Structure formats: C-alpha cells, structure tokens
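As the structure is a computational prediction, the values presented were derived from the model and not from experiment.
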Amino acid sequence: MNKIILVDDERIALEHTKSLLAWDEYGFEIMATATNGRSALRLCEEIRPHIMIVDIRMPVMDGLALIRAVSERKIGVKFIVMSAYEDFDYARQAISIGSVSSYLIKHEVDRNKLLLELNKAKESWEADENQRRMQRSDQLKEMITGTGLPLPLEDSSAAPPFGMLLVQKDVPFSAVPSVNGGTGLLPSLKWSYAELSRLADPTPWQLVGEFALNRTQLVALFSQKNRADCTQRDSFKDLVASLQVHLNRQNNQSKSIYYSFQCHDSLGLRDSFRRVEAAARHAVFCGNAQMLCVDDLPLLPLGSENYASALHHEYLEMLVEGMGQNDLVKMENAIKNQFHSLGQQRWNLPGLYETVHTLSGLLNKRNAALGLPEIDPLPLTDKVPLYHIDDIMNSYILLFRKLFSSMGTHDRLSNKLLRALKHIQEHFHEDIAIEDVSHATGISPSYLHQLFKRELSRTFLDYLTEHRINQAKLILSREDAKMTEVCARVGYRSPQHFSQVFKKTTGMLPHQFRHGGHHL
C-alpha cells in the first residue's frame, strides 16, 4: 500500500478528496490528515508517507514552506499540489523544488484525474526510491565490509540493537576449488527489498538495508523497531527462519543462513559481518540447509590466525603403517581421528584442505607405484555432493577401502604392463598409439592388447582416454588455461574432438566442468 497524507485547512475539502476514490482498491491508504503545514510536517516525520496531497494557502506553515521542509529532510515524499487558479505562482515555486509530481486546480479534480495523478506520483516515487535504495545498499556495503569509512548509519531510525544475516547458496566441497569458485553455472541468488520488508513487517524488526556480496551471497541488516523493548533475540531468529522458508520455495537449490545479533552500536557492524562471512566460509563444518547463529559457533576469534597444527603426525604415521600392513581397521581409525581433530576446539579450514591434500597425495602415490593414473579423489569417486566434513571423511574411508581391496590385484600387475603404463603416463600428451608403446617397451602390439584386457579389463585406448581426461579435469580445476592449451597438454590436436571425448566420458563439456558443473 502507498501511504498518503492529505493536507488542507478546509475540512470540507479534505472530506471531498477522501470521497473521490475507494483508495485501498487502487493500492493507496490515507494514513492521516492535517489542516496546517506544521502538523503535516510532524506527521510526515512519523509516518514517512509516499505521497502528500497539499493545499498551498494554509495557516501556521503554508504548503510551499511544508514542501521545502520535507524536501530538506530527504524523506522522499512526492507531492501533488491541489489549489486554486490564483495560487499558480506559488505552485510554480513548489514545482521548482523538485519533489512536486503535479499541480491540480481544486474545482477541476474528479475521480479519474486524481487517480491518474496519484499513479504518476506513485511511479515517480518508486523510481526515486529504487535509486535511493541502490545508493543506500552501496553505502551500507562499503560501511559494513570495510571498503568505506567506519561511520555510523545516517538513518536515524536505524539504531541498536541490530541483527545481521548472510544468505549463501550451498555449494558442495571441492578439494581444489575451481578458478571462479565453482559457481559459474549457478544462477545468481536474488531477493527484493519489498520481500524482506514484507517478511519483517509483522515482527519487531525493520529492514535497514541489503546488498549482494557476490553471486551466491546476500547480506541484510535489520534494527529493532521499538528500542524501548527488551532485546528480541528470539524474534530475530523467527524472522531468519521465515526468510529461509521463503527463499527455499524459490528453487531446489538449498541455502544456508548465518546470522549475528549485537546490540551495541553501528560501528561494531563490521565485526558482525566478519563473523557471518567467516561462518559461511566454514560451511563444510556444519553442512547444507543450515540456519546458524554465528555468535555461538567455534570459530577463531576475529583477527586470530593461530590454527592448531593441521596434521597430527601420529595419525599420519598410523595411516602409512596401516597401508604398509594392509590393515584396513588401522587406516580407517587414522582417517577418523585426523578429521575429528579438525573441529575439536575450533573449526580448522586450512587444516581440512591440508588433510585432503595429504590423503589425496598418499592415494595417488600408491596408484603411481601400481602404474595407475593420478586422480582427483573427491569428484571422481563420489557422485553424491559433499557438503559436510563427515561426508568428506567417509569418502576417503571408502577410497582407502577400495585401495585396500584392490591392493592384491594391482600388486599382481605384470612388469611388462607396468612398463607400458609408465610410458603412457610420461607421454600421454603426445600423439601416441599402441604401436609407439610397443616399440618403447619391446612388447608386441597384440600382446599389449591382451595384457590390458586381462589385467585391467579395458583396452589400451580406454586407459589412454581415461588418463587424458583425468589430467584435463585436474588442469581445468586448478588453472585458468585456455581450452586450446588444455587440449594440447593432454594429447588432443582438435579442441572439437577433445570436447566430444570429454563430454562422452564425463557427461558435460570442458567449460561446464571448469565452471563448477561437477557440483550440480
């Protein structure tokens, strides 16, 4: 509803204007009336209407002075001046101020004329409000994120206590984040100011402002409407819950909300932002579709980088020992102990990446010793998206179980086949055929065909293609190399042929994989 205030010193004129329309049917609501400019100004500051219909000649403070006073306060009101012929010079002065939408002659106004001018004023107010909102969002973003001066909020209605929230699209964990964060194929997360305001209306909270941090993160700041009330932590939690339900209805992509509640002053909002942003970065420790108060999470204190040592050498030694002894129980216990140590006191995100890197290195070292190609373990072994640290831990346990179960088989690979596999791994980027491997290893092509089928249950071309595509995946995930360069580095002369083989093997094109397609 667009809020309206009528101002005229003649009561009959006020009643006549009221009677011209069924106001609410057209999206307008008369919030108050006033008979002089001074009373109207006070009502304007309290109600903050969208449109005021104002007479020019009034006692105490005339219409022209009222328009100037409201404009100076930058409340954003649009005025419709309704007066007599002889007041046109005054009206012209009012129009020059810039906030007057139209000038109407009282006795010429009918229902259709008034509705036309109201809709014009509404459109003008909405256009101006969108511009003001964009400016406020930019200023709020600069102030909160630290790119602008740490000044108090200008809006006098925005004062402590504050509630801040960050909404984030849930993206699965990747051991090696892609160049653009793995979100290129995800649609941008969106909301509207009107949506947030509507959700906040029935609560003790009002929306101060909102902004997009990036494609997958949005930030909103709320303040308590009545600061005389006791702080409303529970009511803010209820507001966050209703927002999560609303956002999750938009599409199937799950989202998490991290929120902070602080009741001191606006200068502390940067710390609130740093907390919600840090919690969002540590999403893997709590999983997807979460709603969490960051003030209660085991994050490092702001400004501290004193993470505990990421790798516990006794667990690493236990794992290596278990691999040497083919002791699956010892390997699983070592992996579990290492992952559990990452969240015992504080969430240790660098430690998680170091752990994943180390475990992947051990797997690939073992594969290399067996003549098998290097792999990117998480995306290639688990088609289920990994959102939680326990999912990652279980994924590695599964990988080591597979390694354990296949150790005997791989250990029985013939020396001849191992020589062939080593040659492929050293020359896969060249235009090689089985005849080239045959010549390099001294094994006849026909016998090599038999070795691949008997010992690996695949053809030479199957193995070569698998190795090339695995290497291409690693390059696409880790580097911003041009597609022609990726193609050449993995042994394909034609980018088109490379794309066809990549899609046939993975189900997606190379650029889709690079932009996070393996997360969808």
Would a 4.5 Å heavy-atom cut-off, applied to side chains only, mark [X] and [Y] as touching?
X      : Y      : answer
Asp9   : Val60  : no
Leu476 : Phe502 : yes
Val294 : Leu297 : yes
Leu66  : Met52  : yes
Glu117 : Val109 : no
Gln224 : Trp205 : yes
Leu218 : Glu210 : no
Leu292 : Cys286 : yes

Hey, what do you get for [atom1] ([X]) to [atom2] ([Y]), rounding to the nearest 0.5 Å?
X      : Y      : atom1 : atom2 : result
Lys122 : Ser101 : NZ    : OG    : 13.0 Å
Arg198 : Leu207 : CZ    : CG    : 12.0 Å
Gln217 : Leu166 : CD    : CG    : 5.0 Å
Ile257 : Lys237 : CD1   : NZ    : 12.5 Å
Ile67  : Ile56  : CD1   : CD1   : 5.5 Å
Ser254 : Gln290 : OG    : CD    : 9.5 Å

Member of Ile392, Asp170, Val171 meeting the side chain to side chain contact (heavy atoms under 4.5 Å, CB included) criterion with Tyr387: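 Checked Ile392, Asp170, Val171 against Tyr387; only one passes side chain to side chain contact (heavy atoms under 4.5 Å, CB included): Asp170.
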Side chain to side chain contact (heavy atoms under 4.5 Å, CB included) assessment of Val276 paired with Val219: CA-CA 9 Å; Val276 295; Val219 176; 5.7 Å; no
Could you tell me whether the side chain of [X] and the main chain of [Y] form a donor-acceptor pair under 3.5 Å?
X      : Y      : answer
Lys3   : Ile47  : yes
Ser360 : His357 : no
Glu29  : Met1   : no
Ser256 : Ala289 : yes
Arg346 : Pro298 : no
Asn2   : Ile51  : no

Within 6.0 Å of NE2 in His246, more than 12 heavy atoms from elsewhere: yes
Is any NZ, NE, NH1 or NH2 atom of the basic residue among [X] and [Y] found under 4.0 Å from an Asp or Glu carboxylate oxygen of the other?
X      : Y      : result
Glu72  : Arg68  : no
Glu123 : Lys120 : no
Lys113 : Asp110 : no

Pair Phe173 + Tyr353: ring centers closer than 6.0 Å: yes
Shortest non-hydrogen contact from [X] toward [Y]:
X      : Y      : value
Ala220 : Leu196 : CB-CD1, 4.2 Å
Ser272 : Ser260 : OG-OG, 3.8 Å
Met143 : Arg270 : O-NE, 2.7 Å
Leu213 : Lys141 : O-NZ, 3.9 Å
Lys473 : Phe513 : O-CE2, 3.6 Å
Asn36  : Met58  : CA-SD, 4.1 Å

Aromatic plane relationship, Trp347 with Phe285 - under 30° parallel, 30 to 60° tilted, over 60° perpendicular: parallel
Residues Ser71, Ser99; criterion side-chain hydrogen bond (donor to acceptor under 3.5 Å, both in side chains); working and verdict: CA-CA 7 Å; Ser71 299; Ser99 54; 2.9 Å; yes
From CA spacing to verdict: side chain to side chain contact (heavy atoms under 4.5 Å, CB included), Ile80, Leu104: CA-CA 7 Å; Ile80 297 175; Leu104 302 177; 3.8 Å; yes
Intermediate values then yes/no, side chain to side chain contact (heavy atoms under 4.5 Å, CB included), Leu118 and Trp23: CA-CA 10 Å; Leu118 280 169; Trp23 295 78; 3.5 Å; yes
